[in-house]
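Throughout, a chain's letter reflects where its sequence line sits, starting with A, and its residues are numbered from 1.
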2 protein chains.
Amino acid sequence: MISGNLKKEFEALLGEKNVMSDEVTRMNYAYDAAVLDPVMPALVLRPESSEQLGSAIRLCGENGIPVTVRGAGTNLSGGTIPLKNGVVILTNAMNKIIEINEADMYAIVQPGVVTADFAAAVAARGLFYPPDPGSQKVSTLAGNVAENAGGLRGLKYGVTKDYLMGMDFFDAGGNLVKTGSKTVKCVTGYNVGGLMVASEGTLGVFNEITLKLVPPPSASKSMMAVYDSVADATESVAAIIAAKIVPCTLEFMDNFTIRAVEDYAKAGLPTEAQALLLIEVDGHAGQVADDAAKVEEICKQHNASRIQVAKDEAEKNKVWEARRAALSALAKLKPTLVLEDATVPRSKVPEMVRGLDTVAAKYNLSIGTFGHAGDGNLHPTILCDRRNEKEWHKVESAIEDIFDLALKMGGTLSGEHGIGIAKAGFMAREVGERSLTYFHKIKQAVDPKGILNPGKVIGD
Amino acid sequence: MISGNLKKEFEALLGEKNVMSDEVTRMNYAYDAAVLDPVMPALVLRPESSEQLGSAIRLCGENGIPVTVRGAGTNLSGGTIPLKNGVVILTNAMNKIIEINEADMYAIVQPGVVTADFAAAVAARGLFYPPDPGSQKVSTLAGNVAENAGGLRGLKYGVTKDYLMGMDFFDAGGNLVKTGSKTVKCVTGYNVGGLMVASEGTLGVFNEITLKLVPPPSASKSMMAVYDSVADATESVAAIIAAKIVPCTLEFMDNFTIRAVEDYAKAGLPTEAQALLLIEVDGHAGQVADDAAKVEEICKQHNASRIQVAKDEAEKNKVWEARRAALSALAKLKPTLVLEDATVPRSKVPEMVRGLDTVAAKYNLSIGTFGHAGDGNLHPTILCDRRNEKEWHKVESAIEDIFDLALKMGGTLSGEHGIGIAKAGFMAREVGERSLTYFHKIKQAVDPKGILNPGKVIGD
C-alpha cells in the first residue's frame, strides 16, 4: 500500500488534482486492450511537465513503488496493466508538439501526443509521418515507441523504430538520460533509443522524443481486389512482393472479417467474397501508374474476380476506415475477442493462412484472419467466451499452436502487438534461455529495484 | 601476459595456424585507421566457425582476457586498437553469405563478409543492399554493424542500422544470444540488435547477422555541379532538401579536396572550382527525370557555374570513385591526416562550413572539407605532422572547437566514424554524465569482467 504520507508527497510534487486514488479512476486504469484480468493500481498520477514526471519517478524509485506509464492503453498484450500497490502514470497532460522542423525534417514531441494528431500537424506543414497503427486516433507517440507500433504502411515505410532519431528518458532514479540526435547520422554513445523501442516501459520513462519526418508521396492509388478463394488472395500477396513491387499498404481480410466489418461499418464490402486485398501504391505519379498496373495484372493472374480502384480519397477512406474498424467490428460478435499477432516471413503468408485453418478445425473454433499480409503480419482472431472454461482452454491451446506454426516458418511471436504479460511466458521458445538471461541482466542493471513496469516483456 | 598453457588451449580450440603470436602479425593488428598510438596484442586469433568463435570467447571470458574483434580495421576512431595482453579476433575466416532470400528480401551473413562483395552478390540476385561506407571494398558487415557505418547513400537509404533485422551474438561468457527475426515486423524481446549497432564490440561478438534487402531503383541520374563559391554550394544543399527532394547521394567537396583528389585520381575534376556537389537521384524513371530537373534548376539558381550530367555509368563511376578516394588522396599530402566527422542538422551545413573556416584561420591550419552534405555529415580534414608537438597541440584545440561548433548547432560528435577511444573522453559533453552512467550500467551488467573491447565508446 501507498501510505497517506507518501500520497501527500506526490500531491506536493504534482498538485492534488493530479494524484488520484478514488476507486473509479483506479478501475479505469486497471486494464488495457488485452484479454487479461484487471489489476487495480494504488494511485494514478498525471504529471503536467517534465519536472513533475521526473520527480514522480524519483519518488517512486526512492520508495520502490512499481510504475506503469500509460498512453492510451491500446496495446494488446497487457503492457499497461499496472501492479497492485503500484502507480499508473498518465501522459495525457504532456501532449505538446515541441517542434516541427521543416528544414531538417524532424519533430520533437512530448510522450502523450496522439499519433493521428501528430500526423495531421506534420501534414499541415507539408511533411509526412508514416507509422499508422490501427489505434492511431487515440494511441500516443510514446506508447508507439514503447511498443514499436506498426500499422498499415509498414510494408513500404517501416515501423515506429524507423522514425526514432533520438530521445531523452528518465531512468529508474528519475535522472534524465539522452540518446540519439537531431541529425540523420549519429553514432555518439550506445544506441539506447534502439533499446527503448519495444521495451514497454521497463527500461525508462520517455520524456521527449525526436522523430524523423519524410516528404509526402506526390501521388497514390488505392484498390480493392476481390477473391473467391483465400489461397488466390494470399498467393497474390506473395507474387506482388516477388515482383519487387513495394506497395504502401497490402492488407488481407478473410470472409469472416469482411462480413463482420461490413455489418459494422457499411462500407460496401463484398460480403460474398472469400477474401479481399486492400492495396495502396504511392510515390511519384509515374511509379504509381506503373505499380498499380502491375499489381492489377498480378491480381488478375491470380483469379481476382474483381478489382475496384478507388475513384477518389473519399472512396478510399471509406474502405480503409472500414479496415481500421476490423477490431471493433469483430469485438461486437462475442464476449471475448483474442487478436493474435504471430508473424512470418512474407512469402509464408499462404502457408500460414492454411495452417490457421487447420488450427481452427482441430479445436472447432472460429478463427477470422485479417492483417498486414505484405509484412507477413497476420492477425488471426478468435471469438469466444472466456467465461466458458472448456472453450477457453481450447483457445489457449490454439494460441500455442499458432505460436508454434509461426516459429516453425521462421516467424516471430509478435509482429507489433507487444509481448507484455500475455506472451512473456512464451519468449524463451523463440529466443532461448540465454537471450532471456541477457535481457534480464540489462533490466537488472538499469532498474535494480524493479520499479519500471515489472513483469512486462521479459517476465519476472 | 597470456601464458604458454593458455596459448595451447587456444590452439586446441582453433588449430595451431589460427593462433598467431609472432611479432609481425601482432604489429599488423596493433593499429587501425585512426591517428592513435598502436598497441600490440598478445595473440591474434582467427576462428573458422561459429563453434570456434564461441569457444574462443568463452576461454577469454574464463581467463579475463580482453577481446578486440577486428573486421578490416577501417574505423577511424581506434575502435579496433587492442589492449596489451589482449587478443585480437579476426573475422576474415568467417566470411560466408549463408542465405540470400529473394522472396522475403533478407540475407544472413557471417561477420567477415566484405561489404562490397555482399552488395555485388545481392545485386546479382536482383536485389539491393544500400549502405556503402567509403571503405566498402574492404570493410566487413559485422564491422559496419558495430560502427553503424553510413556512406554516400545515407540521405535517401539510411545507414547500416536501418538494414539490421536480427542477429545472434556471443555474450562475454561465450553464450549465443538471439535478437530480431527474419520478419519485417518483430517486437519479441528487447531490441538488443538496436543496442548492438554502434556498440563497437563492447557488448557482444557478432556471429550471424540478418540484413534487410530492398528492390533496386529502376533508374538513376548523376551530376556534378561546379561552384565558384563555397557558400553557393552549401546553400544549394539546403535548398535541395528544403524543396523536399531526397537525392540518393548529395556530396560536397571544397577546393582543397578537389585538387588533392584530382591529383591522385585524375578523374577530370575542375581544379579551379571553389566547391563541387556530386548529386545522384534514383528511383522510378519519371521521378528521376523530375528530381534531376529540379536539382539542376536549384543549383543554377544558386550560381552553379556548370552542371555536368554523367553520360553513362562509366562516367559516373569515374567521378564517384574519385570521391571515394578522397581520404587516400588527402592522406598522401602530409604525414598526418585527421579526418573529422562532426555532424549537424542538414540545414546548418552552410553555417558549419563557415565555422570551419573560422577555426582554420584561428589556428592557422589547413582544413579541407568534404562529405555527405545532404546528411549534415561533413568530414573536415586537417593535414599536419603529429611529430610537430606545437602544431599537434593546435590541431587538438581545433578539433575541440569543431566539436563545440557541432554541438552548438544541435549536432553530434560523430555521424558515422565511431567514438572508439578517440572521442570517448568527449562523450559527456554531448550526452551528459547521467547518460554515460546509464551506458556503463549496461556494459557492466553484460560484461562484468570487462573483456569485450574495454575502453571503447564509453571509456573506462
Roughly how far apart are B:S435 OG and A:D168 CG, rounded to 0.5 Å?
-> 8.5 Å
Nearest-0.5 Å distance, CD of residue B:E430 to NZ of residue A:K178 = 4.5 Å
Who wins among B:P345, B:S199, B:A198 for the most heavy-atom pairs under 4.5 Å with chain A?
->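 Most pairs with chain A among the choices: B:P345.
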List the steps, then state whether side-chain contact (heavy atoms from CB on, under 4.5 Å) holds for A:Y438 with B:L203.
-> CA-CA 10 Å; A:Y438 194 93; B:L203 300 173; 3.7 Å; yes
Identified side-chain contact (heavy atoms from CB on, under 4.5 Å) partner of A:Y190 from the options B:V197, B:I419, B:V457, B:V431 |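 Among the candidates, only B:V457 passes.
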Does a side-chain N-to-carboxylate-O contact under 4.0 Å join A:K185 and B:D375?
->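 B:D375 and A:K185: salt-bridged.
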Would you please test B:N377 and A:T183 for side-chain contact (heavy atoms from CB on, under 4.5 Å) and show each step?
-> CA-CA 8 Å; B:N377 181 201; A:T183 58; over 6 Å; no
For [Y], does its backbone N or O pair with a side-chain atom of [X] as donor and acceptor, under 3.5 Å?
X      : Y      : value
B:T188 : A:T412 : no
A:S347 : B:A103 : no
B:K182 : A:V344 : no
A:N191 : B:L195 : no
A:N175 : B:R434 : no

side-chain contact (heavy atoms from CB on, under 4.5 Å) between B:V184 and A:R346, worked out | CA-CA 8 Å; B:V184 283; A:R346 35 199 166 191; 3.7 Å; yes
So do the side chains of A:V246 and B:P215 get within less than 4.5 Å of each other, counting heavy atoms only?
-> yes
